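Report on the structure given below.
Whatever order the structure lists them in is the order used to number ligands and atoms, beginning at 1. Predicted model, so just to flag it, every value in this text is computed and none were measured.
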Amino acid sequence: MKQPIRIAITGAAGQLAYSLIFRIAAGDVYGADQPVILHLVEITPAMKALDGVAMELDDCAFPTLKGIKISDNVDEAFDGINHALLVGARPRGPGMERKDLLTANGKIFVEQGRALERAASDIQILVVGNPANTNCLIALHNAKSVPRDRFHAMTRLDHNRAKAQLAKKAGVDVEQVTNVTIWGNHSATQYPDFSHAKINGKPVPEVILDKNWLEKDFITTVQKRGTAIIQARGVSSAASAANAVIDHVKSLIHGTPKGDWVSTSVLSDGSYGVHEDLVSSFPVTMDGNGHWKIVSDLDITPFSREKLDATISEMEGEKLMVKDILPD
Ligand code: NAX
């Protein structure tokens, strides 16, 4: 049996985590032969609810679950962890401006960034809690000793949504759709890009001939999918979001298929005109050892450029609002 790995999950009493934790504990994510120890983190008022989650985990008697540590103290909780799934965040309250939301979350991610310095040397971090890209930027600036390529903000749910929409429109199975990209911010300005996507190896515009649908409905459906789910369900997407966390982690540990890529938000190196020091979604390949690379040399049409610039501008605006908590 392998040595256990330690997985921290913040927001562990929340609804997304409830769809995630049990799959990790069951071995669905890291493998049936990989023991895990869960470090579950919550704010103090939610610790009682978290006790309940821990009781249910016990009651599942998962052979792969070798320990549960619950805590409302991130320094203690992040000690020795190998993966950090940062799901918990402060939701927007009544009358709260975007700047207030960014500032409130900023405090959380400054603290969590600092605490990540206590993690194991192979730490990998996925920020899910919104505004995810800027929260991730804050965390990476405050985790001085952690290499910055270990940080991701999640745009895998948007990626999966885009794949599913294209598959549905073309009447094909979802695995026949490849090379989809989400660019930019995990927000309504994100740019779901079909221009490099393929269906059974053929460029999407040669399979889906409805240009109007591709350039309008496809993009807005993906951009506004989160809102559509809240309107339908009364609460935000949790199961699909948890599934996207799992897909992201699996890509990180198994790599991306040859010829295809995934979307994830990483620190920009200036590629495609996305300013350095922004955490932005890109098409990315992963080698299965935790390393990733932004796919280079994709053609950016004037249509794509305009959409990309809009989302870059939003990320720049968010960064400006939190500049005081971004040490070098
Ligand atoms: P919930 O409100 O159900 O759960 C959030 C939990 O986080 C709560 O239990 C809360 O007590 C906890 N929390 C707040 N501050 C914390 C802190 N400082 N440390 C530890 N825990 C803390 O929200 P849920 O539906 O679970 O969504 C979680 C987050 O994911 C939200 O920010 C949401 O906006 C974001 N999402 C991001 C997605 C993405 O694709 N990046 C998609 C799904 C989801 O909307």
Side-chain cluster (under 4.5 Å, hydrophobic types only) that L86 belongs to, other residues = V41, V74, F78, I81, L102, I108, F109, V110, L116, I123, I125, V127, L137, I138, L140, V146, F151, L267, V279, M321, V322, I325, L326

How close do S145 and E117 get, heavy atom to heavy atom, and via which atoms?
-> OG-OE1, 2.7 Å

shortest atom 5 (C) of ligand 1-to-protein heavy-atom contact is with G14 CA, 4.2 Å

Have T264 and H152 got a donor and an acceptor in their side chains that come within less than 3.5 Å?
-> yes

Any non-hydrogen protein atom less than 4.0 Å away from atom 2 (O) of ligand 1 | no

Judging by distance only, is a nitrogen or oxygen of M154 under 3.5 angstrom from one on ligand 1?
-> yes

Is the shortest heavy-atom distance from the side chain of S263 to the side chain of S281 under 4.5 Å?
-> yes

Minimal non-hydrogen separation, E314 against S187, with atom names | OE1-OG, 2.5 Å

among protein heavy atoms, the one nearest atom 17 (C) of ligand 1 is I43 CG2, 3.5 Å

With heavy atoms and a 4.0 Å threshold, my read on which part of E111 contacts ligand 1 is neither

With a 4.0 Å cut-off on heavy atoms, does A238 reach ligand 1?
-> no

Proximal candidate to atom 40 (O) of ligand 1 [heavy atom criterion; set R90, H186, H159] = H186

Measure the distance from atom 26 (O) of ligand 1 to every protein heavy atom, then report the residue, atom name and distance (to 0.1 Å) of the closest one.
-> L16 N, 2.9 Å

Atom 9 (O) of ligand 1 - nearest protein heavy atom and its distance = E42 OE2, 2.6 Å

By number and element, which atoms of ligand 1 are closer than 4.0 Å to a non-hydrogen atom of G129?
-> 29 (C), 30 (O), 32 (O)

Any idea which protein heavy atom is nearest atom 34 (O) of ligand 1, and the distance to it?
-> N130 ND2, 2.8 Å

Min over M47, Q190, Q15 of heavy-atom distance to atom 25 (O) of ligand 1 lands on Q15

May I ask you to list the atoms of ligand 1 that are less than 4.0 angstrom from any heavy atom of G88?
-> 7 (O), 13 (N), 22 (C)

Any Lys/Arg nitrogen of R92 or D100 sitting under 4.0 Å from an Asp/Glu carboxylate oxygen of the other?
-> no

With atoms numbered from 1 as shown, which atoms in ligand 1 lie under 4.0 angstrom from a non-hydrogen atom of S236?
-> 25 (O)

Please work out whether the ring planes of F194 and F303 are parallel, tilted or perpendicular, with thresholds of 30° and 60°.
-> tilted

For residues 173-192, the salt bridge (charged side-chain N to carboxylate O under 4.0 Å, His left out) pairs (sequence neighbours left out) are none

Under 4.5 Å between side-chain heavy atoms, hopping through other hydrophobics if needed: is there a path connecting L20 to L40?
-> yes

Would one find more than 12 heavy atoms of other residues, nucleotides or ligands at under 6.0 Å from atom CD of E306?
-> no

Using the six-membered ring wherever Trp is involved, compare the ring planes of W213 and F218 and label them parallel, tilted or perpendicular (cut-offs 30° and 60°).
-> tilted

A241: numbered ligand 1 atoms lying under 4.0 Å from its heavy atoms = 42 (C), 43 (C)

Nearest protein heavy atom to atom 19 (N) of ligand 1, by residue and atom, and its distance?
-> Q112 NE2, 3.7 Å

Can you find a pair of side-chain heavy atoms, one from D51 and one from V53, that are under 4.5 Å apart?
-> no

Could you tell me the residue and atom name of the protein heavy atom closest to atom 28 (C) of ligand 1, and the distance to it rounded to 0.1 Å?
-> V87 O, 3.4 Å

salt_bridge(D79, R6) N-O dist < 4.0 Å | no

Within the 4.0 Å heavy-atom cut-off, what I108 brings close to ligand 1 is side chain

Tell me which protein heavy atom sits closest to atom 37 (C) of ligand 1, plus the residue, atom name and distance to 0.1 Å.
-> V128 O, 3.0 Å

Using a heavy-atom cut-off of under 4.0 Å, does the side chain or the backbone of A89 touch ligand 1, or both, or neither?
-> both

Please indicate whether any nitrogen or oxygen in G11 is less than 3.5 Å from any nitrogen or oxygen in ligand 1.
-> yes

